[in-house]
2 protein chains.
Amino acid sequence: MTTQTAAERRQEDKVAFDAYMEQCPTHDLLGVIGNKWTSMVLYQLTRGPRRYAELARALPGVSAKMLTQTLRSLERDGFLARAVTPSVPVQVEYTLTLLGERLVPLLDAVQHFAEHNIDEIRASRDHYDAASL
Amino acid sequence: MTTQTAAERRQEDKVAFDAYMEQCPTHDLLGVIGNKWTSMVLYQLTRGPRRYAELARALPGVSAKMLTQTLRSLERDGFLARAVTPSVPVQVEYTLTLLGERLVPLLDAVQHFAEHNIDEIRASRDHYDAASL
DNA sequence: CCGAATCCATTTTGATACTG
DNA sequence: CAGTATCAAAATGGATTCGG
């Protein structure tokens, strides 16, 4: 055990680093808000509580499956709350929690940066793509 | 053409919304920084220029393919610059551009939020998972 | 040293049909 | 209305091999 090859040591480093990354809060959060529909759903909820069908109408691109999955994930993380009214038919309303409200300014900051720098980014992409002909 | 079914209208809405999302700067940026290795590479570069092998050593979990892919993508977007010194063997150094430097405070904000709220998020997850037994 | 190219596994996303 | 179930497709990530 005291003798290990360089390959073995690298393998151990990799495993250790993977473990570190999985418990890294920043990486965790980026994984959440980086999902395709998360920011869209959150944005809708900043404008007030929404029912399932309202969200589906506001986001015509999302399938029922992905909408449900996104909502469940955000509920699990504590960003929104799900309230069921047992009428017929049932009503389900989604609302931002306090934690969800605290996330909004951060998403605003992302939006602000994006809108102020997208032209430069797109110009860079065009330049890069043009150079590789 | 003046007559269309509800299904046809929904399909058009979906296509239009997809197009809108693809050109949405915020969604674009989230797609970039949400990638698995982007934030890690960027973080390394905030501490100064780094060579390819230095990055690979600092990030033991990344494969050569993904490191190259991440670097190329960030270069294309204009967040970092790639400088080749034609020695033997060649040296390649990656440095943050001004645009890249401007992105750093935003990533710091993400990190700040993540570290201050991760306990609450994890508690919510534990509670959610415990409830679904 | 710094990759490119290829092939394969995993994850994510979506279309469709069905249910209380 | 508010989902679930199933299947298929697409994007992403990674291991391996090879080259200037």
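Order of the sequence lines fixes the chain letters, A, B, ..., with proteins taken first and strands second; residue numbering starts at 1 for each chain. Keep in mind the model is a prediction, meaning the values are calculated, not measured.
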Q: Expressed as a whole number of angstroms, how long is the span from A:Met66:CE to C:dA15:C1'?
A: 13 Å

Q: For the residue pair B:Tyr94 and B:Tyr52, does the interplanar ring angle fall in the parallel (under 30°), tilted (30 to 60°) or perpendicular (over 60°) class?
A: tilted

Q: Please tell me which of A:Arg57 and A:Asp18 maps to the more 5' nucleotide of DNA chain D, matching each residue to the nucleotide holding its nearest heavy atom.
A: A:Arg57

Q: Taking atom C1' of D:dC1 as reference, at what distance in whole Å does atom CG of A:Leu67 sit?
A: 13 Å

Q: With nearest nucleotides of DNA chain C determined for B:Ala53 and A:Pro89 from heavy-atom distances, which residue corresponds to the more 5′ nucleotide?
A: B:Ala53

Q: Is any side-chain nitrogen or oxygen of B:Tyr94 closer than 4.0 Å to OP1 or OP2 of C:dG3?
A: yes

Q: What is the distance, to the nearest angstrom, from the CD atom on A:Gln69 to the C1' atom on C:dT11?
A: 11 Å

Q: Determine, stepwise, if the pair B:Arg122 / A:Asp77 fulfils side-chain contact (heavy atoms from CB on, under 4.5 Å).
A: CA-CA 7 Å; B:Arg122 298 228 164 104; A:Asp77 291 347; over 6 Å; no

Q: Check the distance between D:dA11's P and B:Glu22's CD and give it to me in whole angstrom.
A: 10 Å

Q: Is the closest basic N to carboxylate O distance between B:Arg125 and A:Asp28 below 4.0 Å?
A: yes

Q: In whole angstrom, give the distance that lies between atom CD1 of B:Ile33 and atom C1' of D:dT12.
A: 18 Å

Q: So does B:Arg51 get a side-chain nitrogen or oxygen closer than 4.0 Å to the phosphate oxygens (OP1/OP2) of C:dC2?
A: yes

Q: From CD of A:Glu75 over to C1' of D:dA2, roughly how many Å is that when rounded to an integer?
A: 14 Å

Q: Once salt bridge (Lys or Arg N to Asp or Glu O under 4.0 Å) is applied, what residue pairs with a partner in residues 33-52 of chain A remain, sequence neighbours excluded?
A: none

Q: When you compare the protein's N or O atoms with those of nucleotides 4-10 of chain C, which come within less than 3.5 Å of each other, and at what distance?
A:
from	atom 1	to	atom 2	distance (Å)
C:dA4	OP1	B:Arg72	NH2	3.0

Q: How long is the line joining CD of A:Glu93 and P of D:dA2, in whole Å?
A: 10 Å

Q: Is the number of heavy atoms from other residues, nucleotides or ligands within 6.0 Å of OH (A:Tyr43) greater than 12?
A: no

Q: Nearest whole Å is fine: how far is C:dT12 P from B:Asn35 CG?
A: 13 Å

Q: For A:Val90 and for A:Trp37, locate the closest nucleotide of DNA chain C by heavy-atom distance; then report the residue assigned to the nucleotide nearer the 5' terminus.
A: A:Trp37

Q: What are the two closest heavy atoms between B:Thr97 and B:Gly78, and how far apart are they?
A: OG1-O, 2.6 Å

Q: Table please: side-chain donor-acceptor pairs of residues 106-116 of chain B below 3.5 Å, with sequence neighbours left out.
A:
from	atom 1	to	atom 2	distance (Å)
B:Gln111	NE2	B:Glu115	OE2	3.1
B:His116	ND1	B:His112	O	2.8

